[in-house]
Every structure is written in structure tokens, then in C-alpha cells.
Amino acid sequence: MQANKPIGIFDSGVGGLSVFKELIKSLPSEDVLYFADTANCPYGSKSNIEVIELSKKIVDFLINKNCKTIIVACNTATAAAIDYLRSNYEIPFIGMEPAVKPAALNSKSKSIAVLATEGTFNGRLYIETSQKYAKDVNLNVKVGNRLVSIVENDLINEPETKKYIQELLNPLIAANIDHLVLGCTHYPFLIPVLKDILPDNVEIIDPALAVVAQLKRILIKHNLINSKTEGQYDFYSSGNSSILEKMVSKILKFDFRVNNYSI
Ligand code: DGL
């Protein structure tokens, strides 16, 4: 039965856990297999061709493990590879959508910002969505250069991190933004620091919930909802897995071992 198979999810590292966290809350009966490409992280400054090659290897691994559908829980990999994956594999793929539309539609100050990697800003999806929905707002874009490595190296609570993020956000605050779209799945782990710095009226948009809602629609449409009572989780990393293990154990509330698999 297809429905009993696991859902695959991947990212360059721990960022996709921000999606995994929501996924297990709304679909607790699903088995999930998570792949973190820690050995090749970050993806943000890699070329499209490199990211497509890495995504192909991870997808082949997840399909060999029998995944019924795959979430590309990485905005950068979605930007570079989702078109390729959808046209070369048969299973459904769910990608990260840049949440420019809700931010632009709900903005009162008519000024919004997107924080993402270079690769995401260069992608077709971001360019099309922003052209379509952000015509009537002042759209501020910011590449969060060091943010992925801050999360991967467990430096979120360091004073230097707050200083760096303050500098990153200063021009956005000066531009009177009232919505900040998180365009990288690593960034939701920085929300406490972002909230500390941003004025209270700024809404932070984490697209994880919308992505999981889309996953649910796809599972229903293809008759793929798992009927078991409790999902099981498996984690793989292509490199050092200590931060992944630490963050997964925190989410699941028990000590978790990550498997190694080189791609
Ligand atoms: N989580 C990835 C994303 O959503 C991180 C990008 C990177 O590895 O640079 O874009």
C-alpha cells in the first residue's frame, strides 16, 4: 500500500526541521524520513547546477527508501531544482513557496521585506511571485549571509549573533516594514532574536504551516494518508550530525540517533 510509505523531507542541514516540527503536529500518523545534507551545507551560494545534482542524489536515496512523496524543505533547493525534480520523477514534490503574497496583501505600511539566500532570490519562483504580488508595496530584500551557519553551529544565543542580525534588520526597520517573510527554512529558529529586535507591529511570516497544509491536500488528493496510529521517524545526515541530533532530540523530547549516509 502506497499510503503506508514514509514522507521524505530534505534540506541542506537542520533548517527543514522547522517544517518537520509542523508536519508531525498536523499529520501525527505519518512516517517521516529526514535527510540533512550537512556535508554540502550551505546551498545558498552554490550554482543551480550544483544544487540540482545534490538534490537528485538525495531524492534517489529517499525514493530507494520508498518515500511516497517528498518535501523540498529548503527554499534554495526549491528555487534551483523543483522544476527538474517534477519533470524527472513520478512522485509528488512539495516545495517552499516564497510567502510574498500574504505579506503584500496584508501590509498596511505598504512596505515589506524578504530575508533569504542568494540562490532563492535568483530563482524563477521568487521573481515571478514578487512581480505578481508585490507591485503595490515597497519590497525590501536582504540576503542573510551568515544566518545559516549561525543556526548550523548552534550560535543562536551568542551576543555576536544579535549584533549581526541588528545590523541586517536596521535598514528594513528604517524602511518601515510591517511584514518580514522568512525565505529560508533555517531562519524560523532565529525568531526569538528577530522578535527582540523588530518593532512589535512587524509580523514575521514562517511558511512552514502553509507548506504542511499543501502536503496534506496532496496526500488527500492522491489517497496517500497513512492510517496507522503513530508515525515513526528516521534521520540521515551526510556529514557531522551533532547539531541535527541535538535539535531533533529537543523537538521529539527524547534522545535521538541520526544515521550517516554519504551522497
Ligand atoms: N534551509 C535552506 C533554505 O531554505 C538553507 C540554505 C543554505 O543551505 O544556504 O534556503
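Here, residue 1 is the first one in the sequence, and each next residue gets the next number. Counting starts at 1 for both ligands and their atoms, in listed order.
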What are the atom names and distances for all N or O pairs under 3.5 Å between ligand 1 and the protein?
unit_1	atom_1	unit_2	atom_2	d
ligand 1	1 (N)	D11	OD1	2.8
ligand 1	1 (N)	T185	OG1	2.8
ligand 1	1 (N)	H186	ND1	2.8
ligand 1	4 (O)	N75	N	2.8
ligand 1	4 (O)	N75	OD1	3.2
ligand 1	4 (O)	T185	N	2.9
ligand 1	4 (O)	T185	OG1	3.2
ligand 1	8 (O)	S12	OG	2.6
ligand 1	8 (O)	Y43	N	2.7
ligand 1	9 (O)	Y43	N	3.2
ligand 1	9 (O)	G44	N	2.7
ligand 1	10 (O)	N75	N	3.4
ligand 1	10 (O)	T76	N	3.1
ligand 1	10 (O)	T76	OG1	2.6

(request) Considering only NZ, NE, NH1 and NH2 on the basic side and carboxylate oxygens on the acidic side, decide whether D136 and K110 come within less than 4.0 Å. (result)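 No salt bridge links D136 with K110.
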
(request) May I ask you to say whether E53 pairs ionically with K46, meaning some side-chain N is under 4.0 Å from a carboxylate O? (result)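 The answer is no: the pair does not qualify as a salt bridge.
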
(message) My understanding is that only residues two or more places apart in sequence, or in another chain, count here; which of them pass side-chain hydrogen bond (donor to acceptor under 3.5 Å, both in side chains) with S47?
(response)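 Expected list: E50.
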
(request) Could I get the full list of side-chain hydrogen bond (donor to acceptor under 3.5 Å, both in side chains) partners for N260, not counting sequence neighbours? (result)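 Partners of N260 under the side-chain hydrogen bond (donor to acceptor under 3.5 Å, both in side chains) test: none.
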
(request) Determine which pairs satisfy ring-ring contact (aromatic ring centres under 6.0 Å, His included) with at least one residue from residues 195-253, sequence neighbours left out, and list them in order. (result)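 Found F20-Y233, F20-F235, Y34-F235, F61-Y236, F235-F256.
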
(message) Just to verify, which of K68, K216, Q232, K5 counts as forming a side chain to side chain donor-acceptor pair (under 3.5 Å) with E30?
(response)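 The option that passes is K68.
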
